[in-house]
Amino acid sequence: MAADTLKSTTGAGGGAAAVRRLLLDNGALTALIVLLIAMSALSGDFLTTDNLLNVGVQAAVTAILAFGVTFVIVSAGIDLSVGSVAALSATVLAWSATSHGVPVVLAVVLAVATGIAAGLVNGFLIAYGKLPPFIATLAMLSVARGLSLVISEGSPIAFPDSVSHLGDTLGGWLPVPVLVMVVMGLIAAFVLGRTYIGRSMYAIGGNEEAARLSGLRVKKQKLAIYALSGVFAAAAGIVLASRLSSAQPQAADGYELDAIAAVVIGGASLAGGTGKASGTLIGALILAVLRNGLNLLSVSAFWQQVVIGVVIALAVLLDTVRRKAGATPVAAGTGGGKGRQAMTYGLAAVVTVAVVGATSFLHSGSSSTSNPKVGLALSTLNNPFFVQIQAGAKAEAKKLGVDLTVTDAQNDASQQANQLQNFTSSGYDAIIVNPVDSDAAGPAVRAADKAKIPVVAVDRGVNKATTDTLVASDNVAGGELAARTVAEKLGGTGKIVILQGQAGTSAARERAEGFAKGLKAFPGIQVLAQQPADFDRTKGLDVMSNLLQAHPDVQGVVAANDEMALGAIKALGSKAGKSVQVVGFDGTPDGLTAVTNGTLYASVAQQPSQLGRIAVDNALKAFQGKKVAETVKVPVKVVTKENVVGFTG
């Protein structure tokens, strides 16, 4: 009778209740459909074959990482190390295959073994060492990233050509990363739904003590679960490095948070016991669609972070509402509901195609703007130097009647590759790129070349790709000039320290090379220490404070940018500009103010605003078919108190 009553009550609600239940039970899928419809309505560039394939490629690495994280979260754990393990695995593959002649097949095995080893260490610390998963994997995050930097010596390593094909396309249109994502997703679904260890994950996540009392070997299962997460992290690292044609020691930084977000958006609970591979895939696609669409709509990278944070919060809120409403997720492998789930996905696909098709019709008759469209892909906007490049570029674009779209890669080579692909698939008239890394930008620039879109490189060149022109000052020459400036100020003898840039970036390597060249002419200069401070003012303050404890007799500081130099000045206090001479790099407004005040002796200014202006001017000329110089050199200039007045950069 109770069952009959329930059925009649459900039926009384009519179709509206059924739709409401469908939406609640499939919150992530509903959100993805809404996003697809919204982006199609807002941007005529979104619903193209090339752009949709871009979305798949951009979701691939996050999705593969997230599949591994799904195992961990279903079992009520957490894995913060997957991004670093991905970078380490790719670095091991490239290092062993290119530097030590290991056969590629064996190098791939070593990379996967690295991921397994990292996962086993995590599992051992958690299961047998009784460390909380957060702490154990946080430690591995640091260890794996450090080992990646040690092995690579802070520089990208070229990836073997045979493995780099994983970043290519089949038949000239189907991206291999998408195929790898699908295969790894099917494996994850099979493990969760059809294997003993998959059922163990749900049991441990539901109630670990009950699982142990029922005879499940919880500790051994945790070892296997974290090892699986390591395997998927290694696969993601290989795919990412293949896309960039190089193993970047700083690759996948912060990707663990995207992976966790994808799993949670996909309907899994951080409390454990629920989660599906299909939901995780939908979560990864939601993040990729958001980033892709917001790029196409020229939304600031800073606001993109806000939007993505709001989406994650809403996803968890929807999950809470769903649970309160009585909707219960079907755990993989529990049987039942699979036919209904397939029907739901099929219905969702039909609805999406119909509505998106209708919205795309709205754009078919719209006329495009008559102004040339130029995309500017900057390595970061969290640095005054690149903010000035942006300012110069915007001023010139306004003057020339150019529609300029600026993106911020946040020093992530993979994110910049995505942004360049978005420019290409959207049919921009010209692209300006300030590469995070010269090697990693190569594949995306080659794709733009293939689409016959002019590309201008600014500040840093692009390797293994053709650019119409390079607008830059010479980082090596600038570093040499900075070293000579401080050496001459000290009279050719003295003790100095060098604050280096972010390990793995081309600017840091080139400026360090220039410092070394410049100091060769001054044997009386003793370098007490060289430490990275990541182009950051706060880190410059911390690193300089630490160095002063070991070297209180320091007489000079050379910093790879003004931000680190300003941090060093703060640490030096009253010594700055008096007993200790500090030389910076870039000629930023704050740096020039410090030069005026006498705390910063000099800054090697690259005139970044001028770089931006010239880049836009050359991009427009290249689009119009006019001849442009292969290289446009903007001279660096040592700015001191004597010549700082009137200098604007």
Under 3.5 Å, is there a donor on one side chain and an acceptor on the other for Tyr255 and Ser414? yes
Give a yes or no on whether the ring-centroid distance for Phe71 and Phe232 is below 6.0 angstrom. yes
Next item on the list: Answer yes if the side chains of Thr48 and Asp50 hold a donor-acceptor pair under 3.5 Å, and no otherwise.
Entry: no
Exercise. Does a side chain donor of either Ser148 or Thr91 reach within less than 3.5 Å of an acceptor in the other side chain?
Worked result: yes
Between Thr137 and Ile126, the two heavy atoms sitting closest are CG2-CD1, 4.5 Å
When every non-hydrogen atom of Val82 is compared with those of Ala233, the smallest separation belongs to O-CB, 3.7 Å
* Asked: Does Trp95 reach the side chain of Ser152, with side-chain heavy atoms less than 4.5 Å apart?
  -> no
Interatomic distance, CZ@Arg243 vs CG@Asn418, rounded to 0.5 Å, equals 4.5 Å
| Looking at side-chain heavy atoms only, is the closest gap between Leu47 and Asn51 below 4.5 Å? | no
Rounding to 0.5 Å, atoms CD1 (Ile197) and OH (Tyr202) come to a distance of 12.5 Å
Open item on the list: For a quick check under 3.5 Å, do Gln416 and Asn411 share a side-chain donor-acceptor pair by atom type?
Closed with: no
Output for pair (Leu213 CG, Glu208 CD), nearest 0.5 Å, gives 10.5 Å
Task: Side-chain touch Leu80/Phe134, heavy atoms, less than 4.5 angstrom - done: yes
For Ile286 and Ile265 the tightest heavy-atom approach is CD1-CG2, 3.6 Å
Any donor-acceptor pair under 3.5 Å linking the side-chain atoms of Asn295 with those of Thr407? no
One should read off an interatomic distance between Asn292 CG and Leu52 CG, to the nearest 0.5 angstrom, of 8.0 Å
- With distance as the sole criterion, is a donor-acceptor pair present between the side chains of Asp439 and Ser245 under 3.5 Å? no
When every non-hydrogen atom of Asp79 is compared with those of Ser229, the smallest separation belongs to OD2-OG, 2.9 Å
Exercise for the section: Look at the side chain of Asp258 and the backbone N and O of Gly254, then say whether any donor-acceptor pair between them is shorter than 3.5 Å. Expected result: no
OG (Ser81) and CG (Leu138) are apart, to the nearest 0.5 Å, by 9.5 Å
Hey, mind stepping through Ser269 and Thr274 against side chain to side chain donor-acceptor pair (under 3.5 Å) and telling me if it holds?
CA-CA 6 Å; Ser269 171; Thr274 61; 4.7 Å; no
Q) Looking at side-chain heavy atoms only, is the closest gap between Gln58 and Asn422 below 4.5 Å? A) yes
Residues Ala90 and Ala241: closest non-hydrogen pair is CB-CB, 3.8 Å
Note: Val299 and Gln304 closest approach over all heavy atoms is O-NE2, 3.1 Å
Rounded to the nearest 0.5 Å, the CD atom of Gln410 sits from the OG atom of Ser379 at a distance of 11.0 Å
inquiry  = Quick check: do Leu93 and Leu110 have side-chain heavy atoms less than 4.5 Å from each other?
reply    = no
